[in-house]
Amino acid sequence: MPVTGQRVVRRTLGRRLTRLRLAVNKTRREVARELGISEPTLHRIETGKVPVTVATVRALCWSYQTDQSATDALAELASGTNQQQWWDSSPNVPEWFKLFVGLEASANRIYCYHGEVVPGELQTEQYARAVFDADRSGDEQGAQRQVSLRLQRQNTLLTRTPPAQVTTILDEGALTRPVGDRDVLAGQIDHLRQVGQRRHLDIRVLPWSVGAHAAMAGAFRILEFDDPQDPDIVYLESHVGALYLEEPSEVEEYRRIFKLINSESVSIDEYR
């Protein structure tokens with residue numbers, strides 16, 4: 001199984017426990033009173049904010065009249081809410097980004113669109129350094145840590161078993177903007193062509209000749225999971241945080257947009 005990380009396990013467990021509670025038509029307040037825990041604690045469990053003990057999960061399953069096999073499965077899942085992956089303990093990964101790194105590492109299919117810059121998990125070290133230099137933060141050590149983080153994410157994406165099926169569409173602007181010098185940009189494009197040879201990676205370019213297109217509002221990612229208990233999400237990132245869209249209608253709209261731009265894109269090997 002692919003690695004996940006404690007935040008993803010907490011998220012998955014919280015969703016399943018919430019569904020069980022709703023199935024027996026109980027409120028959080030009722031369950032909290034019944035088990036002698038606080039309502040805020042139950043809320044944090046259901047929203048994946050905190051680790052959960054096996055005993056707590058079994059008590060909740062008892063309250064929800066859950067059968068033994070399902071209870072045992074959820075109790076086993078609870079043990080993973082304390083297990084850390086490298087991004088969970090890394091001081092270089094912002095708290096708001098740690099959930100995404102775990103989701104990225106456990107998704108079965110990932111669809112990305114980027115219009116301005118090559119995404120971090122596909123950047124060369126030189127290109128990543130040029131991106132962070134443009135920030136002009138003055139934090140030399142911090143920039144190098146962020147570059148190392150991006151290379152570590154790339155390694156996870158390329159070497160995980162089983163591999164995720166990844167389709168990345170880059171606007172041609174991301175491949176013509178002179179990030180770094182000409183050699184840096186040329187090296188980045190060569191790198192994209194090389195990693196694009198892997199069977200599970202499909203790197204594509206949306207040419208200028210397409211003109212106006214459906215994704216002009218900005219970059220996005222769609223992450224899909226085989227587990228029906230773990231809903232697909234759309235990830236939107238800003239400089240200071242991220243937005244996770246999980247409503248089926250929202251995810252479907254982004255799938256529609258991605259399908260449109262995918263039909264207009266060309267393989268990185270065809271791009272000249």
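Quick caveat: nothing in here was measured; it's all calculated off a predicted structure.
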Residues T168 and P119: closest non-hydrogen pair is CG2-CG, 4.1 Å
Distance in Å, I203 CD1 paired with Q194 CD, rounded so as to fall on 0.5 Å steps: 10.5 Å
Test of understanding: clusters of I, L, V, M, F, W, Y form through side-chain heavy atoms closer than 4.5 Å, transitively. Do V210 and I261 belong to the same one? yes
Measure the spacing between CG of L170 and CG of L122 and express it to the nearest 0.5 Å. 7.5 Å
Would you check if there is a donor-acceptor pair between the side chains of R199 and Q165 at a distance under 3.5 Å? no
Common cluster, L158/I189, ILVMFWY with side-chain heavy-atom separation under 4.5 Å: yes
Ignoring hydrogens and angles, state whether a donor on the side chain of Q154 or H191 is under 3.5 Å from an acceptor on the partner side chain. yes
From T12, L60, L20, residue fulfilling side-chain contact (heavy atoms from CB on, under 4.5 Å) relative to L74: L20
Nearest heavy-atom approach of E34 to S63 is OE1-OG, 3.0 Å
Establish whether L236 and Y244 are linked, either directly or via other cluster members, by ILVMFWY side-chain heavy-atom contacts under 4.5 Å. no
Are a donor atom and an acceptor atom from the side chains of D183 and Q126 found within less than 3.5 Å of each other? no
Around atom CZ of R177, are there more than 12 heavy atoms of other residues, nucleotides or ligands at under 6.0 Å? no
Between D72 and Q68, do the side chains contain an N or O donor and an N or O acceptor separated by less than 3.5 Å? yes
Please determine whether the number of non-hydrogen atoms from other residues, nucleotides or ligands lying under 6.0 Å from atom CG of D67 exceeds 12. yes
CZ of R193: more than 12 outside heavy atoms within 6.0 angstrom? yes
Any side-chain donor paired with an acceptor under 3.5 Å for E237 and Y235? yes
State plainly whether one hydrophobic cluster holds both L22 and V52, where clusters connect Ile, Leu, Val, Met, Phe, Trp and Tyr through side-chain heavy atoms under 4.5 angstrom apart. no
Atom pair CZ/CD of R129 and Q144 - distance to nearest 0.5 Å: 5.5 Å
Residues I268, L175; criterion side chain to side chain contact (heavy atoms under 4.5 Å, CB included); working and verdict: CA-CA 10 Å; I268 184 69; L175 301 182; 3.9 Å; yes
Residues, nucleotides or ligands: over 12 heavy atoms within 6.0 Å of H43 NE2: no
Would Q123 and R150 count as having a side-chain donor-acceptor pair, cut-off 3.5 Å? yes
Ignoring hydrogens, what is the shortest heavy-atom contact between A107 and A164? Give both atom names and the distance. O-CB, 3.5 Å
Under 4.5 Å side-chain linkage, directly or through intermediates, the cluster mates of L260: none
